[in-house]
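Here the structure is a predicted model, which is why all the values come from computation and not from measurement.
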Amino acid sequence: AAVVVFGVRVWFCAQADAAGARGMSHHADLRYDEALTEYRRAEELDPSNWHWPYYRALIHLDRGEAVEGAGALRHVASMQPGLGIVWWRLGEAEFKQARYDEADAAFSRAEADATVAVHARQGRDRVGYARGDTASQQTYTPPRDPMVDALARISRSSMFLLKLAASPA
């Protein structure tokens with residue numbers, strides 16, 4: 001039986017969290033079928049928690065099931081319209097289905113979130129290119145990642161030192 005505290009069904013929420021945690025454990029171990037079962041159980045017990053359909057969407061996308069993934073992401077976006085990562089992932093799923101209008105709309109929504117704006121802009125450029133709009137390709141500048149740049153410099157320096165050490169004196 002559920003315990004009602006301040007109008008909240010505590011038992012069901014606790015059970016949903018437990019099922020979701022089991023799903024996350026299975027998900028981390030790439031046991032997707034078991035994870036989906038637990039995520040669905042968590043979603044049934046607590047339909048107001050957007051995490052469970054989001055994680056379910058990630059599994060579908062990992063499996064290449066863009067239709068199912070996009071459906072779950074649309075549901076999450078209706079629950080949490082301000083989450084840019086959801087819109088970006090939805091744009092990716094729509095793009096993979098050649099649903100370019102839907103992808104462009106999702107990427108546009110994602111651009112409002114600074115954490116994914118660069119990737120969303122790239123997604124919109126990919127949509128433009130897929131539609132044959134080469135102007136979007138000409139205006140696109142790939143993002144720079146300082147860590148990747150630093151690793152490249154270190155790698156080049158290491159290679160230089162290895163070559164120097166290997167060359168005859």
### Task
For the pair Trp50 and Tyr54, name the ring-plane relationship: parallel under 30°, tilted 30 to 60°, perpendicular over 60°.
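Rings of Trp50 and Tyr54: perpendicular, as their planes differ by over 60°.
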
Side-chain donor-acceptor contact under 3.5 Å, Glu68 with His60 = no

One should read off an interatomic distance between Tyr55 OH and Asn49 CG, to the nearest 0.5 angstrom, of 8.5 Å

Spacing of CG belonging to Asp113 relative to CD1 belonging to Ile85, to within rounding of 0.5 Å:
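One gets 8.0 Å once the value is rounded to the nearest 0.5 Å.
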
Any side-chain heavy-atom pair from [X] and [Y] closer than 4.5 angstrom?
| X | Y | result |
| --- | --- | --- |
| Tyr39 | Thr37 | no |
| Asp101 | Arg131 | yes |
| Trp52 | Asp17 | yes |
| Ile59 | His27 | yes |
| Phe107 | Trp87 | no |
| Leu36 | Arg40 | yes |
| His75 | Gln80 | no |

If you take all heavy atoms of [X] and [Y], which pair is closest and at what distance?
| X | Y | value |
| --- | --- | --- |
| Leu61 | Gly69 | CD2-CA, 4.0 Å |
| Ala66 | Ala93 | CB-O, 3.9 Å |
| Ala35 | His26 | N-CB, 3.6 Å |
| Ala120 | Glu111 | CB-CG, 3.6 Å |
| Ser48 | Met79 | O-CE, 3.3 Å |
| Gly84 | Ala110 | O-CB, 3.6 Å |

Ignoring hydrogens and geometry, is there a side-chain-to-backbone donor-acceptor pair from Asp133 to Gly128 under 3.5 Å?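 Flag not set: sc Asp133 to bb Gly128 has no pair under 3.5 Å.
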
(request) Answer yes or no: is there a donor N or O on one side and an acceptor on the other, between the side chain of Asp29 and the main chain of Arg31, under 3.5 Å? (result)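 Flag not set: sc Asp29 to bb Arg31 has no pair under 3.5 Å.
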
Tyr32 six-ring face occupied by Arg63 cation (under 6.0 Å, within 45°): no

Check this for me: does any side-chain nitrogen of one of Glu92 and Arg89 sit under 4.0 Å from a carboxylate oxygen of the other?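 The answer is no: the pair does not qualify as a salt bridge.
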
The single option from Glu94, Arg126, Arg124, Arg109 that satisfies side-chain contact (heavy atoms from CB on, under 4.5 Å) with Asp104 is Arg124

